[in-house]
Amino acid sequence: MFIDRVKIRVKAGHGGNGVTAFRREKFVPRGGPSGGDGGRGGDVWLVADDSLNTLLHLRYNPEHNAGRGMHGEGSDRSGREGGDEIVRVPLGTQVFDPRTNDLLVDLSDAGQRWLAARGGRGGFGNAHFATSTNRAPRYHQEGGLGEEFEFQLELKLLADVGLVGFPNAGKSTLISKISAARPKIADYPFTTLEPHLGVVDLGDFRTFVVADIPGLIEGAHEGHGLGDRFLRHVERTKLLLHLVDVSSASGRDSVDDYEVINRELGAYSGELGSRPQFIVATKTDALDEPDRLEGLRARAGRDNRSFFAISSVTGAGVDALTKAVGSELDRLRENSAKEPARETHDVMLVEN
Ligand SMILES: Nc1nc2c(ncn2[C@@H]2O[C@H](COP(=O)(O)OP(=O)(O)OP(=O)(O)O)[C@@H](O)[C@H]2O)c(=O)[nH]1
Ligand SMILES: [Mg+2]
């Protein structure tokens, strides 16, 4: 199971103190008590936000403090309340008490709010304590302390994007370029034996999750090579990146490779065969015969699929690809009126 984990500290605001004050006015011989109450300290809330899909933003920013309440003032003026602090988390975030490992809440519905730390109450000013028998109380109350906690947040990651292609196509090399995932890379087929996930950070809280799976070969649906069983790890992705090696060293026919993989995807499930797919020609730094690239570009065009050419070694085309993936995911998310129910993949843990 691939799990994103982060520890955060939340601190609600302290309440402001009440104050002791008396009215002093000309022609009012004995002014009454006029000390105002302190303001309430702000709360810290966790809010489930469906535009987030990882906890990465909290890793950079683990401390969350709400504003403190202001002290009361004379003339019956209350102190201002402290502002609340809102911590946005992706849907499916589970919150644990790190000392006991108890699950405190599961934030699974968009917009769901959970009070993580309650702000201190404002202290009463002396005006509050005036009674018929004590008309001039000389005491006030201190503000209450804001709550302060540490929480462990966990999210079972779902891949948004799946990398598919022949063994050696450069899938693992690409994921290691665009994320912190470090799968094994080598110049022989079936280097990758288990799926890996990587989180791609586009900045501005925009991220997407990529799954790198073992390569497919002709007959994978009949169990050839490592078979097609790993395709279940990309079954619920929104977009496939279909990597095709166009380097001359591969000695392969790029259009042929493209068609074989698409037949295998279709044989696994018609739905996966018609999943949105970007075609990515890889290893362009080692391309001697431009026909390999152009033939593939034309073939992708005939299927109305976007085409990209990259080299993970030189970095050429990689940024343009990740940006295009980000925009396409935004578009696909908007189109799918409501996300399908969340399910977790049984994917090995990659420590980022
Ligand atoms: N010249 C060049 N070589 C590359 C590039 N990307 C990957 N390679 C090489 O291609 C070989 C295979 O790369 P991998 O990333 O392991 O390929 P894979 O698709 O993950 O392969 P499997 O895990 O076996 O399915 C390695 O020797 C890489 O160094 C590239 O952009 N340019
Ligand atoms: Mg690999």
Side-chain angles (χ1 to χ4, degrees), residues 2 159 161-200 209-221 223-234 237 239-254 256-265 268 272 277-290 292-294 296-297 307-322 324-325 345 347-352:
F2 184 91
V161 175
L163 301 184
V164 295
F166 267 89
N168 256 342
K171 302 180 293 297
S172 301
T173 310
L174 177 61
I175 202 175
S176 73
K177 273 277 157 184
I178 61 179
S179 78
R182 291 289 173 266
K184 189 169 162 195
I185 292 167
D187 190 16
Y188 54 81
F190 304 117
T191 309
T192 300
L193 299 172
E194 294 141 332
H196 295 262
L197 293 197
V199 177
V200 179
V209 181
V210 181
D212 171 28
I213 62 169
L216 297 166
I217 60 171
E218 177 136 44
H221 71 282
H224 292 207
L226 293 177
D228 63 3
R229 66 184 186 282
F230 294 104
L231 282 177
R232 71 190 167 84
H233 296 289
V234 298
T237 58
L239 174 69
L240 297 177
L241 295 190
H242 182 163
L243 273 57
V244 183
D245 183 347
V246 295
S247 71
S248 310
S250 74
R252 311 179 61 95
D253 183 311
S254 56
D256 216 40
D257 280 0
Y258 167 79
E259 288 170 350
V260 167
I261 295 295
N262 271 313
R263 275 202 297 278
E264 294 302 326
L265 293 174
Y268 179 83
L272 203 54
Q277 199 180 104
F278 280 1
I279 313 312
V280 182
T282 62
K283 312 192 193 179
T284 54
D285 57 288
L287 170 73
D288 299 323
E289 299 120 287
R292 291 175 187 272
L293 181 75
E294 294 313 322
L296 183 63
R297 186 199 302 275
F307 180 82
F308 297 84
I310 64 161
S311 164
S312 296
V313 168
T314 66
V318 173
D319 270 358
L321 174 63
T322 53
V325 169
H345 286 301
V347 175
M348 74 166 288
L349 177 67
V350 184
E351 280 293 66
N352 280 343

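Atoms within each ligand, like the ligands themselves, are counted from 1 in listed order. Atoms considered below: every heavy atom in the structure, side chains included; atoms not considered: hydrogens, waters and symmetry mates. For this chain, numbers begin at 1 and follow the sequence in order.
In this structure, the side chains of Phe190 and Ile217 come closer than 4.5 Å at one or more pairs of heavy atoms. The shortest distance between side-chain heavy atoms of Ile178 and Asp319 does not fall below 4.5 Å. Between Leu296 and Phe307 there is a side-chain heavy-atom pair separated by less than 4.5 Å. Between Thr284 and Ser311 there is a side-chain heavy-atom pair separated by less than 4.5 Å. Counting heavy atoms from C-beta outward, Val325 and Val210 have side chains that stay 4.5 Å or more apart.
Applying the 4.0 Å criterion to heavy atoms of Tyr188 picks out, from ligand 1, the atoms 24 (O). For ligand 1 and Phe190, the ligand atoms under 4.0 Å from any heavy atom of the residue are 24 (O). Counting atoms of ligand 1 from 1 in the listed order, those under 4.0 Å from a heavy atom of Ser311 are 31 (O). Near Gly215, the atoms of ligand 1 lying under 4.0 angstrom from a non-hydrogen atom of the residue are 25 (O).
Here the closest heavy-atom approach between residue Ser172 and residue Thr192 is recorded as OG-OG1, 2.8 Å.
The main-chain N or O of Val244 is found under 3.5 Å from a side-chain atom of Thr282 such that the two form a donor-acceptor pair. Judged purely by atom type and a 3.5 angstrom limit, Glu264 uses its side chain to pair as donor or acceptor with the backbone of Ala220. Of the possible polar contacts, none joining the Ser248 side chain to the Leu287 backbone as a donor-acceptor pair under 3.5 Å is found. Between the Arg229 side chain and the Leu226 main chain, a donor and an acceptor come within less than 3.5 Å of each other. At least one donor-acceptor pair under 3.5 Å links the side chain of Lys171 to the backbone N or O of Phe166. Judged by distance alone, the side chain of Thr237 and the main-chain N or O of Val234 form a donor-acceptor pair under 3.5 Å. A distance-only check finds no donor-acceptor pair linking the side chain of Arg292 to the backbone of Asp253 [under 3.5 Å]. No donor-acceptor pair under 3.5 Å is formed between the side chain of Gln277 and the backbone N or O of His242.
Partner of Val164 under the side-chain contact (heavy atoms from CB on, under 4.5 Å) criterion, chosen from Asp212, Leu231, Leu272: Leu231.
The protein atom (non-hydrogen) at minimum distance from atom 17 (O) of ligand 1 is Gly170 N, 3.2 Å. Closest to atom 25 (O) of ligand 1 among all protein heavy atoms lies Lys171 NZ, 2.9 Å. Distance from atom 31 (O) of ligand 1 to its nearest protein heavy atom, with residue and atom name: Ser312 N, 2.9 Å. Atom 30 (C) of ligand 1 has as its closest protein heavy atom Val313 CG2, 3.4 Å. At the shortest separation from atom 20 (O) of ligand 1 among protein heavy atoms lies Ser172 OG, 2.8 Å. From the protein, the heavy atom lying nearest to atom 29 (O) of ligand 1 is Ile185 CG2, 3.9 Å. Taking atom 21 (O) of ligand 1 as the reference point, the nearest protein heavy-atom neighbour is Asn168 N, 2.8 Å.
Of the polar atoms of Lys283, at least one N or O is found under 3.5 Å from an N or O of ligand 1, judged by distance alone. Taking only nitrogen or oxygen atoms, main chain and side chain alike, Ala169 reaches within less than 3.5 Å of ligand 1. Not a single N or O atom of Pro214, backbone or side chain, sits closer than 3.5 Å to an N or O atom of ligand 1. For the pair Ile213 and ligand 1, the shortest N or O to N or O distance does not fall below 3.5 Å. Close N/O approach between Thr173 and ligand 1 is found [any backbone or side-chain N/O within under 3.5 Å].
Which of Asp285, Asp212, Val246, Ile310 comes nearest to atom 32 (N) of ligand 1 through a heavy atom is settled by distance: it is Asp285.
Taking 4.0 Å as the cut-off, Pro189 counts as a neighbour of ligand 1 on heavy-atom distance. The closest approach between Ala186 and ligand 1 falls below 4.0 Å for a heavy atom of the residue. For Thr282, the closest heavy-atom approach to ligand 1 does not fall below 4.0 Å.
Going from atom CD1 of Ile213 over to atom CG of Leu197 covers 11.0 Å, rounded to the nearest 0.5 Å.
Taking distances strictly below 2.8 Å, the protein N/O/S atoms close to the Mg ion (ligand 2) are Ser172 OG, Thr192 OG1.
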